[in-house]
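Side chains are part of it too, since the values below use all heavy atoms of this structure and drop only hydrogens, waters and symmetry mates.
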Amino acid sequence: MRDTSQNDKTLRAVAVSGAGLLLSAEQAVAQTDVTHDADGVIGQVFDTIKPVTEAGFHGFFQLLDNQPIAFILLALALGTLIGKFSFKTISLGSTAGTLLVGVLLSMIAEAAYGITYSIPGILSSFMLLLFMYALGLKVGPQFFSGLRKGGLAFLAIGFIVFSLNWAICFFGAMLVGLAPGYATGLISGSYTITAILGVGQGALASGAYVPPVGTSVEQVGANMAAAYAISYVLSTVLTILLIRYLPRIFGYDAVAEAKLAEADFSGGANDPVPGAPGALTMGFTTVGVRAFAVTHKSFIGRTLSQLVEDFPEVPILRVVRDGKIMEMAKELVVQKDDIVTVRADVHDLIEKEGKLIGPESDSPLARNVPVEVADVHIGSHKISGKSLSDLGAALAGGVTVQALFRAGNELPLGPDTDVRFGDVVRLNGPDAAIQRAATLLGGTPVLFTMKSEVLYLALAMLVGYLVGVITVTISGIPFAFGTSAGVIMAGVGVSYFRSRNPNFGGPVNEGARSFLQDFGLNAFVAVLSANVGPKVISALGGDTILWLALIGIAGALIPPLVAFWVGIKVFGLNAIISDGAATGGRNSTPSLNAIMEESKSSVAAVPYPVAYAFTTVLALIGGYFSMILS
């Protein structure tokens, strides 16, 4: 019996062991499958970074070529970081920093490893258009005011920039004996207008210009491309620095001058026009929200409707009883020890209402009444013609008038100021009271929002883009308004009409608009730098590059310097306005961003579109004649 039992135990142990082995085998297979899948995923990851791990820097630059988004983000990050560093208050800024980093990366990739970066131009074009539209939204209300005040001066400054640039590049190339094509390339690169190359190529293709014997059409085209690449990079970086510090060079404080220009173009208004950045923010006000415990007999036992009639200067916003917020019904009776929240002049609240109602309370439940700021378009003809003092019913419940606008212009406030159909009134007060006031005024309140207005952005940019691509050819020269100019004017138009009616394309969150402006331009520059770097490498060599660099820099910097001086000395323009006009005449959008950063204001963009559009046309004509006169 003992042996049999022992045998049974042994058999059972073997069976258990066998089951365990079988189970372990199944687990091993499952584990193998999991490990295989994991190895596959990990292998895919390492396949992506394999060029870097195996080939070092060569693999790194190859990765940037395979993943152009990584190139753009790296250029943005390093460029922005470099742009923050300053030496004796002089810094590159984010735009010039991004351009410099991108060009260096693309040049190293081309020279050291034979990798030529090429990022689709549609990405950079779209980013530039986002920047232009966002900028148009910012300066729209000031644009037409600036045009009326200095339109002729802006055109004159633009013409000075164009004519000096053309003369320096064309006659400079002629004096040093540069071959045909170089002059046109210098004008295109130093002016940063790529379309001039197209005009030059058109003159070659049409036979308007015939190369001299021994020089092929292809060689002339290569000369244009080489001059363009060298002068483009140098002139872009140096022009950004020049424009940024032009006011300082002539002894002006950029920030102070910008504030003067803003005051001038706003007509002395204190509040931003409807739709402008900062329009829906609460400025300084003597009106405050306070809470009082009811102990005075004149308040105890009275209904809210009776208190409104007896004390119209003390609007009650909230009633708290036994720790609960009461419903604000007209028949609500105020009881002893209720806490009432009122909104009125702080001085009056301290001096009068405390004695009128009772001791002040610090109850958070009573004091936590959100106060909003809203723009309301007057849409009721019944209201039109009434004075602000006549709008007592509409402005009840703690609503106060912060500003009043007519045709985009701020009006002085007073009890006798009349309100007309189509005006925009800026109110501040509790949300419910503002909603009620807007209904009585015949409008819809436009409140601050964190959302972005995509519908108007897409439609306006589409219209501006289509207007910009319309081309008219005269004597073989194609003329177009340009997509950049078309889109910035679309932004100007939207913001202009929104200043008359805040419901038109708004509100636009300022944070979103500012992001589009900053990121759009710098992303455009990052893509541009990737595509320009290889052209710079191919143009290097011989004495020619020195002449291209010198003439290109002179053609880029001397014209805006002279034009700025003429603007402030001859036309008497504000330094920032003259700088903005010179920047537009120079067609340098990155430089515009630089002076806006330096002056901490967007007012430099007011004259920019006028000079920009005018000189774009002149530059195309000049590029064509620089080719046929070669």
Side-chain angles (χ1 to χ4, degrees), residues 128 131-132 135-136 138-140 142-168 187-188 190-193 195-196 235-236 239-240 242-244 246-247 257-258 261 264-265 464 468 479-492 521 555-596 599 601-623:
L128 178 62
F131 166 80
M132 299 300 276
L135 185 61
K138 178 82 170 180
V139 304
Q142 297 171 317
F143 173 76
F144 293 101
S145 174
L147 191 61
R148 290 191 297 269
K149 293 184 177 182
L152 184 60
F154 303 158
L155 295 177
I157 288 173
F159 181 78
I160 291 171
V161 175
F162 156 73
S163 58
L164 285 178
N165 173 270
W166 194 93
I168 290 170
I187 294 172
S188 180
S190 64
Y191 228 126
T192 60
I193 301 180
I196 294 176
S235 64
T236 299
T239 301
I240 290 173
L242 175 69
I243 295 297
R244 185 185 186 98
L246 260 180
E257 285 292 302
D264 185 30
F265 287 119
F479 294 97
F481 190 59
T483 55
S484 295
V487 170
I488 192 175
M489 291 308 299
V492 167
L521 180 63
L557 302 185
I558 294 176
L561 183 67
V562 174
F564 175 83
W565 182 86
V566 171
I568 59 176
K569 297 299 182 182
V570 177
F571 293 105
L573 295 178
N574 173 281
I576 298 300
I577 297 301
S578 183
D579 203 0
T583 309
R586 177 55 188 74
N587 270 233
S588 180
T589 305
S591 299
L592 176 63
N593 195 56
I595 186 56
M596 290 194 299
S599 63
S601 169
S602 295
V603 73
V606 170
Y608 181 86
V610 180
Y612 179 95
F614 179 57
T615 53
T616 297
V617 175
L618 293 180
L620 291 175
I621 298 174

About how many Å separate CZ of Arg244 and CG of Asn593, when rounded to the nearest 0.5 Å?
9.0 Å
Distance alone, cut at 3.5 Å: any donor-acceptor contact between the side chains of Thr589 and Tyr608?
yes
Residue pair Asn165 / Pro559: nearest heavy atoms and the distance that separates them
N-CG, 3.5 Å
Within the structure provided, determine whether Thr583 and Tyr612 are in side-chain contact (heavy-atom separation under 4.5 Å).
no
Distance alone, cut at 3.5 Å: any donor-acceptor contact between the side chains of Thr239 and Arg586?
yes
For residues Gly158 and Thr615, report the shortest heavy-atom separation together with the two atoms involved.
O-CG2, 3.0 Å
Is it the case that the side chain of Ser578 and the backbone of Phe564 share a donor-acceptor pair, with hydrogens and angles ignored and the cut-off at 3.5 Å?
yes
Side chains of Ile595 and Leu246: does their closest heavy-atom pair fall under 4.5 Å?
no
With a 6.0 Å cut-off (strictly less than), is the heavy-atom count around CZ of Phe571, excluding the residue itself, greater than 12?
yes
Could you tell me whether the side chain of Asn574 and the main chain of Glu257 form a donor-acceptor pair under 3.5 Å?
yes
How far apart are the closest heavy atoms of Ala556 and Ser235, and which atoms are they?
CB-CB, 3.2 Å
Taking all non-hydrogen atoms of both residues into account, name the closest pair between Phe614 and Leu155 and its distance.
CE2-O, 3.4 Å
At what distance, to the nearest 0.5 angstrom, does OG of Ser599 lie from CG of Asp579?
8.5 Å
To check you understand the geometry: which heavy-atom pair defines the closest contact between Pro607 and Gly580, and what is its length?
CG-C, 3.7 Å
Residue pair Pro560 / Ala582: nearest heavy atoms and the distance that separates them
O-CB, 3.9 Å
Any non-hydrogen side-chain atom of Pro247 less than 4.5 Å from a side-chain atom of Ile576?
yes
Between the CD1 atom in Ile157 and the CG atom in Leu152, the distance rounded to the nearest 0.5 Å is 10.0 Å
Is there a side-chain contact between Trp166 and Leu618 in this structure, where contact means two heavy atoms from C-beta onward sitting under 4.5 Å apart?
no
